[in-house]
Amino acid sequence: MRMSLSALRRLVVGGAVVSAIVAGGLAPATAAPRAGVETLGTPRPITRAFAYPLTPGDEGWERLTTHREMVEATQLPAETARQMSTEALVETVLDYPLFLDVKAFNSDQQGLDRVARRFNGFAELFRRDDAGAVLLPRYEAFEPTGAGPRAADRGERQLDGWKLELLLAQPQVLSTLAPDRLDAALAAGVRVYDGKVAARADYGAAGLQPTGLLMGRALAARDGWDWRRSAFLTTGRGPDAAPAQVRAAAAGTGRDRGRPPADLVSPARLGKVQTPNGSSIEVEQRSEDLTDVQLRNYHTYVASLYPRAARETSASRRYNCHSYAWHSQAPSNNSWMMSPGDDIYWQDGSYQIWRRNLPYLPGMRWSWGSDDHSGFEVGKSGRVRSKWGELPVMTHSWEYSPYEDAAVNRYYKA
């Protein structure tokens, strides 16, 4: 019988999953010592998940005024991370309060790369030789449906599965799995994909993408081809048809094992927009937006994590920050603009960089160079309005967002 991820979490604390994994022979010989086992000169590992000292909803969270303070308040000490069993570390990472910041970026992979470099738990997990052995049984037990009628429960289950798929899809984790365990990951992916299709009203096209990402990378790892040849498998963001193509390949239909399927990823649906000076920029366009369950997840997240920011629109996967800031703020915007498309607006002279010796102008465009983000200032208020990846359009102070504030340039219309 498959268990929900929340049930598995309760078992982890009690050590049942640890025993099951060891008994099943899934832990490699290089795995960290398990609970209750000490070797000479080795301290007893920490077997419980980290208790975050401050989380959204706690008294004091609203007093945090910058994203940097949020990161510091939820940081896992590096030494604690090193001493944790992999089971406890996985639990800690899955519970990381800022995990959903991943969705504030232009793709899941870009988002995870940014979030992971800020939180010690990810770096430590990706160093563990048994990361895959601990994560995969959780995914095999994950059931995409059956959470009950409450939208909140279905939303939590969807996020549980998304986190597991994204972590398992990382090359550092897949490299720890033997070929037979990669087969098991593919079989689990096919099952989960089919379950999501059966519950498409909740998952939509967006919910199938992380499953396709995991299956595609696992397929490449097993068969020995470079998944970086695929834009979808590189970024985690691709055309809506891509996951179905990956599912067919993972199930072994219509292809020979040992080489990448030629039609693994179809071309994205592309359109074009123009800068004020007439330069053409390619953009991705989508016909299907987020589901009600996904909207609820994202709206709840920004409200609880960022109480000092104001949500201006619903979340959407049709357009992103660059498209919103530089191209159109209309609700009908259906253009997702990837870098370096936004750079063309100042490279062709449509916008000029603002310097301190110039008058301060209202409505200037802001560009976060370090985190690939764009927004525009509301008048001359110092507050920025920007689209946070698939999350909503938010009005916020410049340092109160998921983006590092080290390098921000302002531009005015020429």
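Positions are given from 1 along the sequence.
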Could you tell me whether the side chain of [Y] reaches within less than 4.5 Å of the side chain of [X], counting heavy atoms only?
X: R138; Y: L94; result: yes
X: W61; Y: M70; result: yes
X: R311; Y: V393; result: no
X: Q110; Y: D108; result: no
X: R247; Y: D194; result: yes
X: W354; Y: Y360; result: yes
X: N120; Y: P77; result: no
X: V384; Y: V378; result: no

Self-check item: Flag if over 12 foreign heavy atoms under 6.0 Å of CD, E79
Solution: yes
Quiz item: Is the CG atom of N277 crowded by more than 12 outside heavy atoms at less than 6.0 Å?
Solution: yes
Practice problem: Take R63 and L54 through the test side chain to side chain contact (heavy atoms under 4.5 Å, CB included) and record every step on the way to the result. | Solution: CA-CA 11 Å; R63 291 198 291 270; L54 185 65; over 6 Å; no
Salt bridge or not for [X] and [Y], using N-O below 4.0 Å?
X: R68; Y: E72; value: no
X: R228; Y: D226; value: yes
X: D371; Y: R117; value: yes

Return the minimal non-hydrogen interatomic distance between [X] and [Y], and the atom names on each side.
X: A131; Y: T86; result: CA-CG2, 4.2 Å
X: R308; Y: E62; result: NE-O, 2.8 Å
X: Y345; Y: V273; result: OH-CG2, 4.2 Å
X: P239; Y: Q209; result: O-NE2, 3.3 Å
X: P243; Y: M215; result: O-CE, 4.3 Å
X: R157; Y: G146; result: NH1-C, 3.6 Å

Quiz prompt | Test side chain to side chain donor-acceptor pair (under 3.5 Å) applied to W388 and D101, step by step | solution = CA-CA 9 Å; W388 292 4; D101 272 1; over 6 Å; no
Practice problem: May I ask you to decide if the ring planes of Y306 and Y400 are parallel, tilted or perpendicular, using 30° and 60° as cut-offs? | Solution: perpendicular
Quiz item: Between F105 and Y403, what is the ring plane arrangement, given parallel below 30°, perpendicular above 60°, and tilted in between?
Solution: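 Plane angle over 60°, so perpendicular.
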Quiz item: Yes or no on salt bridge (Lys or Arg N to Asp or Glu O under 4.0 Å) for D289 and R317, after CA distance, side-chain angles and deciding distance?
Solution: CA-CA 6 Å; D289 213 334; R317 67 194 291 259; 5.7 Å; no
Check: [Y] main-chain N/O paired with [X] side-chain donor or acceptor under 3.5 Å:
X: E69; Y: T65; result: yes
X: K387; Y: L391; result: yes
X: E288; Y: A205; result: yes
X: N333; Y: S335; result: yes
X: D95; Y: T92; result: no
X: E284; Y: L270; result: no
X: S107; Y: T235; result: yes
X: Q109; Y: T234; result: no
X: R365; Y: A325; result: yes
X: N106; Y: N320; result: no

To the closest 0.5 Å, what do you measure between [atom1] ([X]) and [atom2] ([Y])?
X: L76; Y: T80; atom1: CG; atom2: OG1; value: 6.0 Å
X: L166; Y: L214; atom1: CG; atom2: CG; value: 9.5 Å
X: K103; Y: L159; atom1: NZ; atom2: CG; value: 9.0 Å
X: S367; Y: N409; atom1: OG; atom2: CG; value: 6.5 Å
X: R222; Y: L182; atom1: CZ; atom2: CG; value: 8.0 Å
X: F122; Y: Q170; atom1: CZ; atom2: CD; value: 9.0 Å

Quiz prompt | Stacked cation flag K163 on F99, 6.0 angstrom / 45 deg | solution =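 Yes; both conditions hold, so K163 lies above the ring face of F99.
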Quiz item: So I281 and M337, side chain to side chain contact (heavy atoms under 4.5 Å, CB included) or not? Walk me through it.
Solution: CA-CA 8 Å; I281 302 171; M337 184 185 299; 4.2 Å; yes
[X] and [Y]: side-chain donor and acceptor closer than 3.5 Å?
X: T291; Y: D202; answer: no
X: H327; Y: D342; answer: no
X: Y139; Y: E165; answer: yes
X: E312; Y: T395; answer: yes
X: S386; Y: H396; answer: yes
X: T211; Y: K196; answer: yes
X: N297; Y: Q158; answer: no
X: E377; Y: W366; answer: yes
X: D129; Y: T176; answer: no

Ring centers of [X], [Y] separated by less than 6.0 Å:
X: W346; Y: Y411; value: yes
X: Y301; Y: Y298; value: no
X: W326; Y: F376; value: no

Quiz item: Hey, mind stepping through L98 and F119 against side chain to side chain contact (heavy atoms under 4.5 Å, CB included) and telling me if it holds?
Solution: CA-CA 9 Å; L98 300 178; F119 180 61; over 6 Å; no
Practice problem: Go through the steps to decide whether R191 and E143 satisfy the test salt bridge (Lys or Arg N to Asp or Glu O under 4.0 Å), and finish with yes or no. | Solution: CA-CA 9 Å; R191 177 187 58 80; E143 180 55 59; 3.7 Å; yes
Exercise. Would you please test F50 and M84 for side chain to side chain contact (heavy atoms under 4.5 Å, CB included) and show each step?
Key: CA-CA 9 Å; F50 180 66; M84 296 179 85; 4.3 Å; yes
Self-check item: Listed partners of S370 passing side chain to side chain contact (heavy atoms under 4.5 Å, CB included), at least two apart
Solution: E404
